[in-house]
Amino acid sequence: MIESQSNVQIKYLQKLIKNSRFRRKEKCFVVEGWKMVGEALRHHLVSKLYISADSAGQLREKVTEDEFAVIESGVPTELLSENLFRELSDTVSPQGILALVRMPEYQRSDFMESGQAAVLCLENIQDPGNLGTMLRTAEGAGMSGIIMSSDCVDLFNPKVVRSTMGALFRVPYYICEDMTTEVERLKKEDYSVYAAHLKGTKDYTEEDYSGRVAVLIGNEANGLSDSVAGRADKKVIIPMEGELESLNAAVSAALLMYEIHRKKHA
């Protein structure tokens, strides 16, 4: 049983939890809680399990038969003292299990080549909860994948990971260096690019979203940059009552994604 914070494994996990650059370098991250660990096990991405002393006896009953089979096939497991686990945990009420997980890897072509592909493009999203919610909603709305600019909040930030509710392991993604360049590339690939924008001239429900579609959502405070918005094929607006200046970025993305889903399945 590991009891000391000075243990090399604990220091490694702490650095992964706190440092996005280190996560990218190591190509792995930390997942916490029975549901998320189970998702990672089902996708065969777990390198090591860490279980608190008080939760060790629950392992067999908390995971499915398939998940337990993955563990038995060779996933190493370490016991942590209860106090050490609580210090390591990133949640208010720890469930007693976390995992060292390899990042899922995708090629852009994995989800871009269908004639009816629909992708969500995110520029400079900064709120972890928003990014996680958008990933989760993208799965629900049947989007092909997500393209993020490199200045978005880290996809593997613990708060983002939690808010995806497992969609992180199922929705393919691509991180581009520059969204302006990416939009130009999309247009060359016959994508119709729509920008959610306060200066939009058409209600978002009035477009047909046929063929290949990309929808652009910008930063929570400033929206899309002029460079990116100016290269969209069309700017669409979400009507609002009252004195609101804008909607939450994740809410705007959800409305557009589900409208795309509705039109493509009409």
Side-chain angles (χ1 to χ4, degrees), residues 1-3 7-20 22-82 84-91 93-107 110-111 128 131-133 135-140 142-146 154-175:
M1 182 188 296
I2 302 175
E3 298 181 358
N7 180 280
V8 64
Q9 294 185 63
I10 301 305
K11 288 184 175 180
Y12 182 74
L13 291 171
Q14 288 173 328
K15 193 170 182 180
L16 284 174
I17 290 169
K18 296 175 182 178
N19 191 317
S20 61
F22 188 63
R23 288 193 291 268
R24 288 193 296 272
K25 174 179 174 290
E26 296 294 302
K27 293 187 178 180
C28 60
F29 62 111
V30 176
V31 159
E32 186 173 350
W34 294 104
K35 176 178 173 52
M36 289 298 293
V37 169
E39 292 279 357
L41 284 167
R42 287 196 293 280
H43 286 82
H44 299 274
L45 292 170
V46 175
S47 296
K48 199 162 194 176
L49 285 176
Y50 294 87
I51 304 176
S52 70
D54 288 357
S55 300
Q58 302 177 46
L59 179 61
R60 192 65 187 84
E61 64 185 68
K62 287 283 191 178
V63 299
T64 66
E65 291 289 339
D66 288 344
E67 292 162 8
F68 192 73
V70 174
I71 297 170
E72 285 193 312
S73 70
V75 177
T77 303
E78 292 277 7
L79 276 182
L80 305 184
S81 69
E82 196 65 25
L84 181 58
F85 192 95
R86 288 186 177 279
E87 290 177 11
L88 189 63
S89 172
D90 190 59
T91 63
S93 302
Q95 295 181 21
I97 187 168
L98 58 81
L100 176 62
V101 179
R102 298 181 298 279
M103 290 180 178
E105 296 184 356
Y106 304 96
Q107 300 297 318
D110 290 344
F111 60 94
L131 180 55
T133 298
L135 202 75
R136 184 180 176 187
T137 308
E139 180 181 20
M143 300 295 283
S144 305
I146 289 182
D154 180 22
L155 181 59
F156 300 97
N157 175 301
K159 292 180 180 177
V160 176
V161 172
R162 280 200 302 277
S163 61
T164 68
M165 295 295 288
L168 175 67
F169 298 112
R170 299 184 294 268
V171 177
Y173 65 90
Y174 172 74
I175 299 173

Given the rule in the side chain to side chain donor-acceptor pair (under 3.5 Å) test, do R102 and S47 qualify, once you have shown the distances and angles that lead to the verdict?
-> CA-CA 7 Å; R102 298 181 298 279; S47 296; 3.1 Å; yes

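- Between the SG atom of C28 and the CG atom of L13 there is a distance of 9.0 Å, given to the nearest 0.5 Å.
- Summarising the geometry of F85 relative to P94, their closest heavy-atom pair is CE2-CB, 3.9 Å, with the distance given to 0.1 Å.
- Put simply, the side chain of I10 reaches to within 4.5 Å of the side chain of L80, judged on heavy atoms.
- Here the CG atom belonging to D154 is positioned 9.5 Å from the CZ atom belonging to F29, to the nearest 0.5 angstrom.
- Shown here are the side-chain hydrogen bond (donor to acceptor under 3.5 Å, both in side chains) partners of T164, two or more places apart in sequence or in another chain: there are none.
- Looking at S55, its side chain never comes within 3.5 Å of a backbone N or O of I51 through a donor-acceptor pair.
- For the pair G132 and S163, the tightest heavy-atom approach, listed with the atom from each and the gap, is CA-OG, 3.0 Å.
- The shortest side-chain heavy-atom distance between L16 and F156 does not fall under the 4.5 Å cut-off.
- In this structure P172 satisfies the side-chain contact (heavy atoms from CB on, under 4.5 Å) test together with Y106, F111, sequence neighbours excluded.
- Evaluation of the side-chain hydrogen bond (donor to acceptor under 3.5 Å, both in side chains) rule for E139 yields R170 as partners, not counting sequence neighbours.
- A donor-acceptor pair is defined here as one N or O able to donate and one able to accept, closer than 3.5 Å; no such pair exists between the side chain of S89 and the backbone of R86.
- Within the structure, salt bridge (charged side-chain N to carboxylate O under 4.0 Å, His left out) contacts touching residues 47-59 (residues at least two apart or in different chains) are K48-E78.
- Shortest non-hydrogen contact noted between R23 and I17 is NH1-O, 3.0 Å.
- The side-chain heavy atoms of I71 and L49, taken from C-beta on, include a pair separated by under 4.5 Å.
- The neighbour count for E65 CD, taken as heavy atoms of other residues, nucleotides or ligands under 6.0 Å away, does not exceed 12.
- Within the model, atoms CZ of R162 and CG of N157 stand 8.0 Å from one another, a figure rounded to the nearest 0.5 Å.
- Closest non-hydrogen pair, L131 versus L155, comes out as CD2-CA, 4.1 Å.
- Of all non-hydrogen atoms in I146 and A138, the two that sit nearest each other are CD1-CB, 4.0 Å.
- Identified under the ring pair (Phe, Tyr, Trp, His ring centres under 6.0 Å) test for residues 38-65, with sequence neighbours left out: H43-F169.
- For S81, there are no side-chain hydrogen bond (donor to acceptor under 3.5 Å, both in side chains) partners at least two apart in sequence or on another chain.
- Taken from CG in L84 to CE in M1, the straight-line distance is 10.0 Å, to the nearest 0.5 Å.
- Interatomic distance, E26 CD to Y12 OH, rounded to the nearest 0.5 Å: 3.5 Å.
- Atom-to-atom distance recorded for R24:CZ and N19:CG is 8.0 Å, nearest 0.5 angstrom.
- At a threshold of 4.5 Å between non-hydrogen side-chain atoms, the residues E82 and E3 do not count as touching.
- Considering only heavy atoms from C-beta on, M165 comes within 4.5 Å of K35 through its side chain.
- With contacts defined as side-chain heavy-atom distances shorter than 4.5 Å, the pair V31/L168 does not qualify.
- At a threshold of 4.5 Å between non-hydrogen side-chain atoms, the residues K27 and E105 count as touching.
- Across all non-hydrogen atoms, the minimal contact from P104 to Y173 is O-OH, 2.7 Å.
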